[in-house]
Protein chains: 2
Amino acid sequence: MGQAQGIRARQREETQQRILTAARHLFAQVGYERATIRAIASAAGADPGLVMRYFGSKQELFSQVASMSPDDGLTGTPEEVTEYVLTSLAAKLTEEPSATLAMLRSMLTHPEAAEEVRAAANRQERQLAAAIVADDAEARAGVIGAITLGTLIARHLLQLNGLAAATPAQITSLLRPCLQSLTRDPARTPHHAAPAGDPH
Amino acid sequence: MGQAQGIRARQREETQQRILTAARHLFAQVGYERATIRAIASAAGADPGLVMRYFGSKQELFSQVASMSPDDGLTGTPEEVTEYVLTSLAAKLTEEPSATLAMLRSMLTHPEAAEEVRAAANRQERQLAAAIVADDAEARAGVIGAITLGTLIARHLLQLNGLAAATPAQITSLLRPCLQSLTRDPARTPHHAAPAGDPH
DNA sequence: GTCTATATTCAGATAGAC
DNA sequence: GTCTATCTGAATATAGAC
């Protein structure tokens with residue numbers, strides 16, 4: 001095998017990359033069903049047939065594009081966990097995490113995407129629940145997951161006024177007390193009333 | 001015109017109602033695109049042609065099914081607003097609000113649904129922001145909207161472990177401190193530390 | 001008033017020419 | 001290696017029979 005194949009392989013790599021990024025952005029913008037192979041190829045400046053040839057099927061292309069990397073760092077004291085969740089969320093609020101958004105955009109109408117999100121969310125909930133010392137730790141972890149989910153959807157996918165206009169720092173500042181009340185030992189934060197002020 | 005038309009008109013009303021409820025549930029289960037006219041008609045025990053005849057188009061059927069009623073009651077003191085949001089959320093956690101779920105399921109992939117949700121959310125955010133006395137009232141209202149949105153999605157549409165298993169009372173109990181910290185006058189609840197306890 | 005048959009459009013996937 | 005042409009299936013919507 002001489003140089004010729006190396007050049008062609010290189011060309012192919014580049015085309016594949018262009019297809020992948022185009023697919024990632026289209027899936028994030030319009031979801032799995034409306035992101036057609038034709039539109040993806042057109043956005044990547046490639047041929048629809050090539051997309052099929054390189055990735056086999058639309059579903060396989062989606063899988064390669066929208067994998068969710070598992071979170072680590074969800075361990076330690078409640079305070080550490082709170083801050084980790086907040087900084088990790090802040091990162092996803094400043095830059096648009098297009099791979100994650102592709103998943104989120106598609107999860108309500110594409111069963112495979114829903115399954116991926118469920119798996120990732122359940123992993124995260126198990127880690128969170130282990131760090132929270134409470135008998136209702138699972139519910140607390142679930143609420144934390146719902147809050148981050150709702151925040152990302154509201155800002156990036158729906159562009160609701162309140163959240164799209166706010167800065168990431170503003171949002172995380174507002175969420176800090178929420179997460180603290182959810183991760184803190186419930187024996188010290190009763191549900192219905194605070195009989196005395198902050199115990200110190 | 002005699003009785004005959006009355007009977008037929010009555011028949012038609014019943015068929016229309018069966019179609020509407022079938023459509024509502026199917027839209028809530030699989031979203032706008034995957035809920036085909038054929039499937040809706042089949043679930044309603046009616047003919048696909050009738051659905052078109054009665055409602056004109058799929059989009060019009062969706063509009064009739066999935067209208068979001070505007071919230072009132074979002075006014076008063078921060079405490080009152082917090083409790084109103086919580087009880088209104090609790091209601092949507094116990095029974096499955098299929099009209100709302102039809103909207104939510106479709107909002108990420110169907111532009112018309114997204115526009116409806118945006119309009120409803122912005123209405124609610126304006127009402128909430130008016131009740132919250134703070135310079136960042138819009139951001140606070142946006143975070144409250146994101147939290148309720150995320151909670152409903154996680155429980156009803158994704159069935160994430162933590163939230164699907166919890167009781168509505170558990171969830172609202174956990175969310176109460178969150179909402180209190182978001183609606184309370186920020187001058188009295190600084191972000192980073194609580195210098196003194198509850199002022200009364 | 002209700003249902004059958006079909007026109008039209010558009011998607012994913014395949015086979016084969018260049 | 002890349003692109004053209006086409007097959008197949010499914011969905012909305014329409015026209016017309018019963």
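Since this is a predicted model, take the numbers as computed values, not measurements. Naming: A, B, ... by sequence-line order, numbering from 1 per chain.
Listed by first and then second residue, the side chain to side chain donor-acceptor pair (under 3.5 Å) pairs that reach into residues 66-76 of chain A are A:D71-A:Y84, sequence neighbours excluded.
We find that CD1 of A:I37 is positioned 15 Å from P of D:dC3, with the value rounded to whole Å. In this structure, CG of B:L61 is placed 10 Å from P of D:dA13, rounded to the nearest angstrom. Atom CD in A:E60 sits about 13 Å away from atom C1' in C:dG12, given to the nearest Å. At whole-Å resolution of the value, CZ in A:R34 and P in D:dA11 are 16 Å apart. Distance A:Q11 CD to D:dT2 P: 7 Å, rounded to the nearest Å. Rounded to whole Å, the distance from CD1 on B:I19 to C1' on C:dT2 is 11 Å. Rounded to whole angstrom, the span from the CZ atom of A:R38 across to the C1' atom of C:dG12 amounts to 7 Å. Going from atom CZ of A:F62 over to atom C1' of C:dA13 covers 19 Å, rounded to whole Å.
We find that A:E79 and A:R184 are not joined by a salt bridge, their nearest charged nitrogen and carboxylate oxygen being 4.0 Å or further apart.
Across all their heavy atoms, B:T15 and B:L50 have their closest contact at CG2-CD1, 4.4 Å. Residues A:I19 and A:I40 come closest through the heavy atom pair O-CG2, 4.0 Å. The two atoms that bring B:P97 and B:K92 nearest to each other are CD-O, 3.5 Å, heavy atoms only.
Remark: B:H110 pairs with B:Y32, B:F62 by the ring-ring contact (aromatic ring centres under 6.0 Å, His included) rule, at least two apart or across chains. For the salt bridge (charged side-chain N to carboxylate O under 4.0 Å, His left out) test, no residue two or more places apart in sequence or in another chain qualifies with B:E13. For B:T183, the side chain to side chain donor-acceptor pair (under 3.5 Å) criterion is met by B:T82, not counting sequence neighbours.
Side-chain contact annotation: A:Q59 with A:S63, donor-acceptor N/O pair under 3.5 Å present.
Taking every heavy atom of residues 41-56 of chain B and every atom of DNA chain C, pairs under 4.0 Å involve B:D47, B:L50, B:R53, B:Y54, by number.
Counting any heavy atom pair closer than 4.0 Å across all strands shown, B:R12 reaches no nucleic acid atom.
Taking five base pairs at each end of the helix from C:dG1-D:dC18 to C:dC18-D:dG1, the local helix axes there meet at an angle of 10°, rounded to 10°.
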